[in-house]
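In what follows, a structure is listed as structure tokens, so that the remarks can point back to it.
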Amino acid sequence: MDLEKLAQQAKTSISLIEESSGLEQWRIQYLGRKSALSLFFNSLAQLSPEEKKHLGGKANKIHKELVLLYKNKKEEIEKNIFKKKDSFLDITQPGEKQILGHLHPLTLTAREIISSFEKMGFSIIEGPEIETEYYNFDALNIPEDHPAREMWDTLWIKPKTIKEKSRLLLRTHTSPMQMRYMEKHQPPFRIIVPGKCFRYEATDASHEIQFFQIEGLMVGENITLANFKAVINELMKNIFQQEVEVRFRPSYFPFVAPGVEVDIRLKNGDWLEIMGAGMVHPELFKKAGYKNNQWQGFAFGLGIERIAMIKYKINDIRLFFNSDIRFLEQF
Ligand code: YSA
């Protein structure tokens, strides 16, 4: 192969190039894996030692020259692009639109729910995500051997010492705040407790291992399930901006008597469970130190994701947490 001729050709053709697409073609033709020079390097093994030394050295020199030519040309083209841009800068053009961040659909839903309760006179309280076994279970009438513990598949936290009195866990619901609050406050009161909960369970379209609940607790002298129904109807009206069909189903939770589950009717006619609730069990009032059976009240635990799913027509709860920007951009 005539190396000199090849080098001359390459130099002439690069001197005529003005744009990066042309330069890329040049690179492939003269420096690419299938270029004449690369094929020549591959065939060196078949030459005699003297030829190898002579021609190999020459080819190496040409290769270096071509690489340098390529680099210089690349820089020259890039500089020219900036020059061209400057000379065409049109300051009357509108600016580029900035992409702004926005709130997560669960934050939007939680804020709406909270604001609706605020309008009804509820105070907002927060509690710990890492809870003791006592407040998560025992204080709610669920001792260790109680079968109801199986309703809440629990993520336990490894104790630092074996002697720790009350084991720690990631709260499985926001209900532990009922006792924490009642121990320190006398009725009448109405509170809600929004917060994250965790459960050791398989995920599916309506179950996650972490999700948000809003706990509610209203205690007074004459509070009944009728008050609860009025509060829930008002909440649904505020959130969905229309009358929503609500259904109470008898259910069991050790910390209420009677207990109910609340469903709402979806557009397709199906019912979806959104919360557990009931009249606070007298045993809890006793544990909190309230005397004389003077108080009664309702409590509930509402799933925020379930409400957001209905409001925004989302059919899989897992979409909230997998950070897919195509999903999040829609809110
Ligand atoms: C019951 C009586 C009370 O006086 C106060 C509160 C309660 C509710 C009780 N603490 C509880 O956690 N019940 S629950 O297990 O049925 O969950 C309540 C709501 O949380 C469900 O209706 C659902 O909306 C949501 N939820 C539960 N597990 C979930 C979930 N959301 C998403 N993923 C999960 N894995």
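Index from 1, following the sequence. All ligand and atom numbering here is 1-based and tracks the order in the structure.
At a threshold of 4.5 Å between non-hydrogen side-chain atoms, the residues Leu23 and Ile14 count as touching.
Within 4.0 Å of ligand 1, heavy atoms belong to protein residues Trp152, His173, Ser175, Gln178, Arg199, Glu201, Ser206, His207, Glu208, Phe211, Gln213, Glu215, Phe253, Phe255, Val256, Glu273, Ile274, Met275, Gly276, Ala277, Ala299, Phe300, Gly301, Gly303, Arg306, Ile317.
Among residues two or more places apart in sequence or in another chain, the ring-ring contact (aromatic ring centres under 6.0 Å, His included) test is passed with Tyr200 by none. In this structure Trp26 satisfies the side-chain hydrogen bond (donor to acceptor under 3.5 Å, both in side chains) test together with Ser13, sequence neighbours excluded. In this structure Arg190 satisfies the side-chain hydrogen bond (donor to acceptor under 3.5 Å, both in side chains) test with no other residue, sequence neighbours excluded.
For the residue pair Tyr181 and Glu215, no side-chain donor N or O sits within less than 3.5 Å of a side-chain acceptor on the partner.
Under the 4.0 Å criterion applied to side-chain N and carboxylate O atoms, Arg167 and Glu133 are assigned as salt-bridge partners.
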